2 protein chains.
Amino acid sequence: MGSSSSRLNILETASKLFQVQGYHATGLNQIIKESGSPKGSIYYHFPEGKEQIALEAVEYTGKIVREQLNKTLTASADPVESLQSVVQHLVDHLGHPEDVEGVPIGLIALETCSMSEKLRKACSEAFTSWQRLFADKLIENGFKQDRARELGILLQCTLEGALTVSVTQDNSEPLRILKEQIPLIIKP
Amino acid sequence: MGSSSSRLNILETASKLFQVQGYHATGLNQIIKESGSPKGSIYYHFPEGKEQIALEAVEYTGKIVREQLNKTLTASADPVESLQSVVQHLVDHLGHPEDVEGVPIGLIALETCSMSEKLRKACSEAFTSWQRLFADKLIENGFKQDRARELGILLQCTLEGALTVSVTQDNSEPLRILKEQIPLIIKP
DNA sequence: GTCTATATTAAGATAGAC
DNA sequence: GTCTATCTTAATATAGAC
């Protein structure tokens, strides 16, 4: 196969590690150990080294989250209800870093945005794509385009922040408060 | 003096570096170079090494931000207006990491919360203290205590998220949108 | 209290056998 | 394509002179 399964395996392992530990705390040695691939394979598949792995991991995570968000947002027609399910999923997965939904790029974004323009852009584009999903859901439900775009950005920021604070405080309360306030925020 | 000015100098330098670059990207060598203090002094003043410096830097930053927030929040009696000034300050200082206000612990919080319980707690307490300032401002203006507490948490989370996304996207729009939506969020 | 020299470990990266 | 051995650099930390 052109894109071997060993390559994908490295990417999946790296993505999880970068999400939880961040860029600098995740060593190639750890990626090697946890993925089972040897160092030689890493530099064969990713000749530009760690930065290339991180770049592709951000793109990969962006896509996974996009798909998961899309599924949750289309499960209910009502935008308030479906956005509340998105938050609820985050609550349910607190402390279970696999299968996260909505914010898992915040750490690597903050770590790398002042260090690598390539990585900053990749994180920025992931954020934008999520914002657009929220906006589209609102447009479908009769919101004007500009207003939907504003709210899409606000929602993505708020999710990002509430997840950060919930993880730091080891407490789902911030996310639960956000969930309850969604109807307040989603106003035409 | 008991707490020498060299000690404070190290702490101020480390706090800025941790805010911008994060915990793992900031080496003791860099703290030494930028503070002008030699390595021996660091381990004299902070015998437990990097983790101790980070712990005290988080507490220090928490206090500086608290004082700055307090000043901005008391400048106007109206809670909406004063919260909007808080956001405006963040916009004004985007890209100027000194004298930040409101979120500069997010990176180190995400980096360390799954690694050091001591650091996680310190970050958590800084967040809580900022949430309380927002809540107190609302209580002064007639909000019920429980509602003010909820909104204090929501506001701090939202600021955190909007700053993260603004920095990552190199664009103040997320913060500016938040500023405009503050009146929508602050409802009894 | 201050500073230098050094120990120790681990990081990212490469060379080259297979 | 896979794996090992190794290079180089930089990290945290310590010892000990002054």
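It should be emphasised that the depicted structure is a prediction, and the values quoted were computed from it without experimental measurement.
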> Quick one: on DNA chain C, does B:Y44 or A:L28 contact a more 5' nucleotide (nearest heavy atom)?
Replying inline: B:Y44

> Which residue, A:G27 or A:G40, contacts DNA chain C at a nucleotide closer to its 5' end, judged by nearest heavy atom?
Replying inline: A:G27

Nearest-Å distance, [atom1] ([X]) to [atom2] ([N])?
| X | N | atom1 | atom2 | value |
| --- | --- | --- | --- | --- |
| A:I31 | C:dA10 | CD1 | P | 17 Å |
| A:I42 | C:dA11 | CD1 | P | 12 Å |
| A:H24 | C:dA11 | NE2 | P | 14 Å |
| B:I53 | D:dA11 | CD1 | P | 14 Å |
| B:I10 | C:dG1 | CD1 | P | 12 Å |
| B:Q52 | D:dT12 | CD | P | 15 Å |
| B:F46 | D:dT14 | CZ | P | 16 Å |
| A:E48 | C:dT14 | CD | P | 11 Å |

> Quick one: does NZ or CZ of B:R7 land under 6.0 Å from the six-membered ring centre of B:F46, within 45 degrees of the ring axis?
Replying inline: yes

What nucleotide, of [options], holds the atom closest to the side chain of [X]?
| X | options | value |
| --- | --- | --- |
| A:Y43 | C:dT2, C:dA13, D:dT12 | C:dA13 |
| B:S6 | D:dT12, C:dG12, C:dT2 | C:dT2 |
| A:H45 | C:dT2, D:dT2, D:dA11 | D:dT2 |
| B:K39 | C:dA13, D:dT14, C:dT2 | D:dT14 |

>> Is it true that, when you exclude B:K50 itself, more than 12 heavy atoms of the residues, nucleotides or ligands shown sit nearer than 6.0 Å to its NZ?
In response: yes

> Base, sugar-phosphate alone, or nothing: which one does B:G49 contact when heavy atoms must sit under 4.0 Å apart?
Replying inline: sugar-phosphate

> Distance-only, no hydrogens or angles: does the B:Q131 side chain make a donor-acceptor pair with backbone N or O of B:G152 under 3.5 Å?
Replying inline: no

> Counting distance only, does the side-chain N/O of A:K39 pair as donor-acceptor with the main-chain N or O of A:L28 below 3.5 Å?
Replying inline: no

> Phosphate oxygens OP1/OP2 of D:dA11: is one of them under 4.0 Å from a side-chain N or O of B:N29?
Replying inline: yes

>> Regarding B:E117 and B:R120, does a basic nitrogen lie under 4.0 Å from an acidic carboxylate oxygen?
In response: yes

